[in-house]
Amino acid sequence: MAWGKRADVIVHEREPFNAEPPRAALAAAHRTPLDTWYVRNHGPVPGIDPAGWRLRVGGRVARPLELSLAELRGRFTAHELVATLQCAGNRRAGLAQVRDIPGEAPWGPGATATASWTGVRLADVLAAAGADPDAGHVAFEAPDVSRIASPPQRFGGSIPAAKARGGEVLLAWAMNDEPLPAVHGAPVRAVVPGYIGARSVKWLDRITVQDHPSDNFFQATSYRLLPPEADPAAAGPGDGISLGPLALNSDILLPDDGARLRAGPATVRGYALAGDDREVARVDVSADGGRTWTQAELDGPPGPWTWRLWRTSLDLPPGPVTLTARAWDSTAAAQPEHAAHLWNPKGYANNAWARIHVTSV
Ligand SMILES: Nc1nc2c(c(=O)[nH]1)N[C@H]1C(S)=C(S)[C@@H](COP(=O)(O)O)O[C@H]1N2
Ligand SMILES: [Mo]
């Protein structure tokens, strides 16, 4: 299978390559194996010679930097951090059931995964460059040119400087203790835990400290939540709500949607992710559409920036059963019940209650 992915990945697009694993595959481990990780690309995977690769750090800095891979690894302390990434389009299929979302991949719950990342802290690199403490944003850029962008341009995005200075944002060259695979951004990618996946820019080659958010298409125009009546083809820079910190979300991974099970006790498993610096506080699971709930057992988190895998056992009556799950976070916020009031023309940020349909016999 392409790009070292397992044979059963669901390929949404071959070029650019976009694929997610079947939901059950994500339940197997806290750290998702590399062959199971989703891939989200907006353009062709660039072929980068690591020996010729340079990271340029500029903008509002006292000392602009140009670093080879050896310099990046040699000059700064390496850190390892386990972090979950999640695409803003994760679970879009649930929104597309409400109303058509033309031109966007119908991602299921698999556009999210967890890895241990090894790299240097963006904060340390910014300090070495003498980044202006009053600059509000840090922008990333990469060489992959997307024809989705108008005009066609390199992929980019930005994060607030306060987030960039948090120790959790890494410039990573290894994933699950393996060299970063080409499709995941080799030689170096940004890892921005708690933010939509689009800010974790792969094949990173430029960092700019600046006063304003990036004017790259994928920050200024795309990855923004438009009102339902907006025409996404007519959207311009600054329209809609900018997406940064992830919304609280969860989904059911086992049993599979459409499964036939024996009536009686059944194990239900899934993931929950709180987004940015919030924590998952509780996950409720229901076999009667939300009339009664059972609290799931949360697995110990592999780190503060990761999903919680959860499990519980529910008694299934014979017949068709809808399994429902909803998470709560440390601010006592819960997931909204229905995708209908979350619908937006680009299909981002679906964090409605998880629902799968099974038949027990
Ligand atoms: N250069 C570059 N970085 C990128 C992208 C891209 O298309 N080009 N896609 C982004 C999006 S939308 C997501 S969700 C994550 C996906 O990371 P993965 O493919 O390693 O799973 O990468 C982000 N970084
Ligand atoms: Mo994404």
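This chain uses plain numbering: 1 for the first residue, then up along the sequence. Each ligand, and each atom within it, is numbered from 1 in the order the structure gives. Since the structure is predicted, the reported quantities are computational estimates derived from the model, not experimental observations.
- The closest donor-acceptor contact from the side chain of Arg326 to the backbone of Glu337 lies at 3.5 Å or more, if one exists at all.
- Side chain to side chain, Ser222 and Tyr348 meet the donor-acceptor criterion of an N or O pair below 3.5 Å.
- The aromatic rings of His184 and Trp37 stand perpendicular to each other, their planes meeting at an angle above 60°, with 30° marking the opposite boundary.
- For atom 3 (N) of ligand 1, the closest non-hydrogen atom of the protein is Lys202 N, 2.9 Å.
- Other residues, nucleotides and ligands place no more than 12 heavy atoms under 6.0 Å from the CD atom of Glu279.
- Every atom of ligand 1 is numbered from 1 in the order shown, and the set under 4.0 Å from a heavy atom of Trp203 is 1 (N), 2 (C), 8 (N).
- Looking only at heavy atoms of the protein, atom 9 (N) of ligand 1 is closest to Arg40 O, 3.2 Å.
- With distances taken over non-hydrogen atoms, the option nearest atom 2 (C) of ligand 1 out of Tyr38, Trp37, Phe140, Phe155 is Phe155.
- Within ligand 1, counting atoms from 1 as listed, the ones closer than 4.0 Å to a heavy atom of Asn41 are 7 (O).
- Heavy-atom contacts of His42 reach the following atoms of ligand 1: 5 (C), 6 (C), 7 (O), 9 (N), 12 (S) (cutoff under 4.0 Å).
- Using a 3.5 Å distance cut-off with no hydrogens or angles, the side chains of Arg6 and Thr36 do pair a donor with an acceptor.
- For Lys163 and Asp276, the salt-bridge test passes: some basic side-chain N is under 4.0 Å from an acidic carboxylate O.
- Under 4.0 Å from ligand 1, not a single heavy atom of Gln86 appears.
- Near Ala142, the atoms of ligand 1 lying under 4.0 angstrom from a non-hydrogen atom of the residue are 1 (N).
- Of all protein heavy atoms, the one closest to atom 10 (C) of ligand 1 is Ala198 CA, 3.7 Å.
- Among protein heavy atoms, atom 24 (N) of ligand 1 sits closest to Ser200 O, 3.0 Å.
- For the side-chain hydrogen bond (donor to acceptor under 3.5 Å, both in side chains) with Arg91, the lone residue among Asn249, Asn350, Thr112 that qualifies is Asn249.
- Heavy atoms of Ala88 found under 4.0 angstrom from ligand 1: none, in either backbone or side chain.
- Near Tyr223, meaning under 4.0 Å from one of its heavy atoms, ligand 1 places the atoms 12 (S).
- Of the protein's non-hydrogen atoms, Asp144 OD2, 2.7 Å is the one closest to atom 8 (N) of ligand 1.
- Across all non-hydrogen atoms, the minimal contact from Lys202 to Ala142 is O-CB, 3.0 Å.
- Here the closest non-hydrogen pair linking Ala105 and His12 is CB-CB, 3.8 Å.
- Of all atoms in ligand 1, listed by their number and element, those nearer than 4.0 Å to a heavy atom of His184 are 18 (P), 19 (O), 20 (O), 21 (O).
- Taking all heavy atoms of Gly197, Pro181, Ser146, Pro143 into account, the minimum distance to atom 13 (C) of ligand 1 is reached by Gly197.
- The Cys87 neighbourhood of ligand 1 comprises atoms 14 (S), with distances under 4.0 Å to a heavy atom of that residue.
- Distance OG/Ser250 to CH2/Trp328: 12.0 Å, rounded to 0.5 Å.
- Scanning the protein heavy atoms around atom 22 (O) of ligand 1, the nearest turns out to be Arg189 NH2, 3.3 Å.
- The distance between the ring centers of His42 and Tyr223 falls below 6.0 angstrom.
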